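Numbers restart at 1 for each chain; the letters A, B, ... are given by sequence-line order, proteins then strands. Keep in mind it's a predicted model, so treat the numbers as computed, not measured.
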2 protein chains.
Amino acid sequence: MFSKACEYGIKAMIYVGTQSLKGERVKIGEIVENVGSPEAFTAKILSDLVKNGLIESLKGPYGGFYIPSDQMESIKVIHIVSVIDGDAIFSGCGLGLRECNAQEPCPMHTKFVKIRSELKQALASTSLLELANGIKSGKTILVR
Amino acid sequence: MFSKACEYGIKAMIYVGTQSLKGERVKIGEIVENVGSPEAFTAKILSDLVKNGLIESLKGPYGGFYIPSDQMESIKVIHIVSVIDGDAIFSGCGLGLRECNAQEPCPMHTKFVKIRSELKQALASTSLLELANGIKSGKTILVR
DNA sequence: TTTATTTCCGACAAAAATATCGACAATAAG
DNA sequence: CTTATTGTCGATATTTTTGTCGGAAATAAA
């Protein structure tokens with residue numbers, strides 16, 4: 001479904017989110033500990049998310065990553081996925097046709113339209129705040 | 001969503017299906033012409049599908065691939081996908097957790113359960129016959 | 001039996017995704 | 001200003017996926 005990079009990116013964002021709610025910045029080492037992802041690779045993905053404005057970073061001692069709490073409601077999973085994997089999952093033909101639409105559909109087109117739009121809807125309606133709160137309350141987990 | 005191998009495999013099965021309905025065997029060259037996939041790679045994927053009993057093959061002159069017409073209704077897309085990509089798409093955690101279930105769910109678990117089960121349902125209820133008929137009638141296309 | 005045809009199979013090659021490493025730049029504290 | 005800390009960046013390595021090649025095996029026709 002998602003690439004490894006995207007899985008790591010989403011989980012890292014969620015973890016940073018939980019700590020940002022407490023007003024704490026997190027270092028990459030703490031992130032990968034709590035997310036179970038390779039450090040250098042995860043750092044690279046986070047840089048990408050920084051460039052795209054989904055997360056903030058600060059270098060030096062007491063530095064790290066953080067997400068302004070007032071942005072966590074408006075950051076949706078679809079934004080993270082789009083930055084890392086692009087939007088081929090919710091656009092793009094399931095059978096790989098360059099063009100595939102209602103006029104000239106691939107054999108699976110009608111079956112996929114519904115599923116993809118539901119996926120898109122789910123990703124677009126799920127906020128980082130919601131996911132971070134799930135971790136905070138212990139209802140959900142990020143690792144294992 | 002699917003791997004390239006899986007996309008090629010599904011499209012090849014559909015094309016062979018359309019020709020099998022006319023009682024014709026098809027050679028790999030004809031398949032890749034009508035599906036737009038690399039020949040040697042597609043041949044390898046088809047061998048895999050032969051081994052798994054989803055398609056028949058015959059070597060030598062007048063040989064090629066074919067699917068007994070009376071099997072085309074019972075062959076579902078999910079069978080093709082399972083052989084080539086495994087079932088990680090409809091099972092397996094969306095965030096890559098080794099174990100992820102209602103007791104210990106990842107943050108996206110509840111959102112994904114529904115989408116994955118619908119995907120599974122769609123793939124399990126779509127037969128090769130149905131897809132081949134779509135091509136045959138010109139309602140759908142395999143290439144471009 | 002010979003020949004032409006076609007799939008099968010294993011080795012290899014290329015490209016993309018995943019992952020690591022080390023040097024560099026920014027920052028805070030003393 | 002110096003030092004320690006931490007993210008950034010480019011180069012490189014590893015693994016997986018995608019793709020190619022050539023010969024072996026099977027088959028049908030002559």
Whole angstrom value for the distance that separates [atom2] of [N] from [atom1] of [X]:
X: A:Ile31; N: D:dT8; atom1: CD1; atom2: C1'; answer: 14 Å
X: A:Lys51; N: D:dG7; atom1: NZ; atom2: C1'; answer: 12 Å
X: A:Lys27; N: D:dG7; atom1: NZ; atom2: P; answer: 8 Å
X: A:Glu30; N: D:dT5; atom1: CD; atom2: P; answer: 16 Å

Check your understanding: What residue pairs, at least two apart or across chains, pass side-chain hydrogen bond (donor to acceptor under 3.5 Å, both in side chains) with a residue in residues 129-143 of chain B?
Key ->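 Qualifying pairs, neighbours excluded: A:Lys111-B:Glu130.
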**Study point:** Residue pairs passing the side-chain hydrogen bond (donor to acceptor under 3.5 Å, both in side chains) test where at least one lies in residues 38-54 of chain B, sequence neighbours excluded
**Key:** B:Ser37-B:Thr42
Check your understanding: Between which nucleotides of DNA chain C, 5' to 3', does chain B make heavy-atom contacts below 4.0 Å?
Key ->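 Nucleotide range with atoms under 4.0 Å of chain B: C:dA4 to C:dA11.
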What does [X] touch in the nucleic acid at a heavy-atom separation under 4.0 angstrom: a base, only the sugar-phosphate, or nothing?
X: B:Gly64; result: sugar-phosphate
X: B:Leu46; result: nothing
X: A:Val32; result: nothing

Between side-chain atoms of residues 101-110 of chain B and protein atoms elsewhere (two or more places apart, or another chain), which donor-acceptor pairs fall under 3.5 Å?
from, atom 1, to, atom 2, distance (Å)
B:Asn101, OD1, B:Gln103, N, 3.1
B:Asn101, OD1, B:Glu104, N, 2.9

Salt bridge (charged side-chain N to carboxylate O under 4.0 Å, His left out) involving [X] - partner list, sequence neighbours excluded:
X: B:Glu73; result: B:Lys76
X: B:Glu56; result: none
X: A:Lys59; result: none
X: B:Arg144; result: A:Glu99

Check your understanding: When you check every protein heavy atom under 4.0 Å of nucleotides 18-30 of chain D, what one-letter string (B, S, -) results, 5' to 3'?
Key -> SBB----BBBBS-
Practice item. Kindly work out whether a path of hydrophobic side-chain contacts (I/L/V/M/F/W/Y, heavy atoms less than 4.5 Å apart) joins B:Phe41 to B:Leu49. Key: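 Looking at the clustering, B:Leu49 is in the same group as B:Phe41.
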